[in-house]
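For reference, the structure is listed below as structure tokens.
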Amino acid sequence: MNIILLGPPGAGKGTQANLLVEHHGMKQLSTGDMLRAAVKAQTPVGLKAKAIMDAGELVSDEIVSALIDAELVAMDDGTGAIFDGYPRTAPQAHALDDILARHDRTLDHVIELEVDEDALVERICGRYTCANCGEGYHQQFKQPKVAGVCDKCGSTEFKHRPDDNEETVRKRMEEYRAKTAPILPIYEERGIVSRVDGMAPIDEVTKAIDKVLASG
Ligand code: AP5
Ligand code: ZN
């Protein structure tokens with residue numbers, strides 16, 4: 001099964017993708033994570049992407065589609081893919097069709113996480129991740145069980161994304177409204193869009209997504 005998780009910054013795409021990986025053995029393909037890894041490693045892609053990401057703008061369609069294609073080459077065992085943060089523009093949506101066809105895959109579901117944008121700023125500005133294993137947390141909504149210690153790996157170091165400040169978040173939302181939301185009709189025409197209330201508690205969102213996946 002191959003699915004797209006769609007929603008503005010902070011909608012919970014990464015949170016739900018991680019849970020799908022845990023519960024269903026699927027693989028998360030997050031272009032945001034791939035780009036952050038490239039920035040950290042100072043690869044040519046990372047050097048190009050850094051300023052764009054820090055400004056909350058979109059990296060070029062060619063770069064992100066090439067990243068996705070390369071990941072799928074390495075997934076020839078048929079493991080289900082969760083596209084998280086991709087596609088984000090009409091050219092990316094068309095590129096994904098071509099890429100999936102080349103890898104003999106079909107798109108089963110597009111799940112749109114519906115959220116209230118003002119609440120998202122609070123969500124994003126309060127989030128942080130484990131510096132060692134990348135597990136995501138939130139100052140209010142998801143704290144480690146033992147304060148200051150990662151549940152997954154025991155590390156006591158955490159980090160905050162440089163693009164998680166209010167100004168950049170507003171820019172990222174603008175980009176979402178202008179370039180990403182307009183791709184939904186492409187998938188609506190195919191009858192594969194499901195809407196899930198992304199404002200519900202995390203485990204309820206997971207249950208709603210599981211229901212969509214169980215529907216075939
Ligand atoms: P990317 O990394 O994709 O960021 P984003 O889309 O802005 O999404 P986020 O990661 O901010 O949010 P999320 O929906 O995953 O929410 P999360 O689960 O973390 O992209 C970053 C940048 O990279 C872009 O701006 C762009 O420059 C570039 N880029 C990436 N892909 C690109 C592409 N395809 N094309 C061009 N450029 C690209 O949740 C947020 C917080 O809320 C967490 O703390 C979580 O614990 C909490 N939370 C989650 N769900 C709930 C809930 N139900 N209730 C309460 N709290 C919750
Ligand atoms: Zn950790």
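In each ligand, atom 1 is the first atom listed, and ligand 1 is the first ligand listed.
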Are any of the N or O atoms of [X] closer than 3.5 Å to those of ligand 1?
X    : answer
R36  : yes
G56  : no
F141 : no
R161 : yes
V64  : no

By number and element, which atoms of ligand 1 are closer than 4.0 Å to a non-hydrogen atom of [X]?
X    : value
G14  : 13 (P), 15 (O), 18 (O)
A11  : 14 (O), 16 (O)
G198 : 53 (N)
H138 : 44 (O), 46 (O)

Has the side chain of [X] got a donor or acceptor atom that lies under 3.5 Å from a matching backbone atom of [Y]?
X    : Y    : value
H103 : R105 : no
H109 : S194 : no
R172 : D163 : yes
D151 : K145 : yes
K142 : G136 : yes

Quick one: are [X] and [Y] in side-chain contact, heavy atoms under 4.5 Å?
X    : Y    : value
T15  : I202 : yes
D197 : V205 : no
C150 : T156 : no
L35  : V64  : yes

Can you pull out the closest protein heavy atom to [atom]? Residue, atom name and distance to 0.1 Å, please.
atom                    : result
atom 8 (O) of ligand 1  : K13 NZ, 3.2 Å
atom 52 (C) of ligand 1 : R123 NH2, 3.2 Å
atom 24 (C) of ligand 1 : R88 NH2, 3.9 Å
atom 35 (N) of ligand 1 : Q92 NE2, 2.9 Å
atom 53 (N) of ligand 1 : A200 O, 2.8 Å
atom 43 (C) of ligand 1 : R127 CB, 3.8 Å
atom 12 (O) of ligand 1 : G10 N, 2.8 Å
atom 27 (O) of ligand 1 : E57 O, 2.5 Å

Quick test of your reading of the model: are [X] and [Y] salt-bridged, counting only N-O distances below 4.0 Å?
X    : Y    : result
R88  : E175 : no
E188 : R195 : yes
D210 : K207 : no

Of the listed options L6, T31, V59, L35, closest to atom 29 (N) of ligand 1 (non-hydrogen atoms): L35

Given Q143, Q139, M53, identify the one with the heavy atom nearest to atom 23 (O) of ligand 1. M53

How far apart are the closest heavy atoms of P182 and R177, and which atoms are they? CD-O, 3.5 Å

At their closest point, which heavy atom of D108 faces which heavy atom of M1, and how far apart are they? OD2-CA, 3.2 Å

Would you kindly specify which portion of [X] sits under 4.0 Å from ligand 1, judged on non-hydrogen atoms: side chain, backbone, both or neither?
X    : result
Y137 : backbone
R172 : side chain
Q16  : neither
E175 : neither
P87  : neither
L58  : both
T15  : both

With rounding to the nearest 0.5 angstrom, report the CD1 to OG distance, I99 to S65. 5.0 Å

Please confirm whether G7 approaches ligand 1 to less than 4.0 Å, judged on its heavy atoms. no

Evaluate whether atom NZ of K27 has more than 12 neighbouring non-hydrogen atoms of other residues, nucleotides or ligands under 6.0 angstrom away. yes

What angle, in degrees and rounded to 10°, do you get at the Zn ion (ligand 2) when you join it to SG of C153 and to SG of C150? 110°

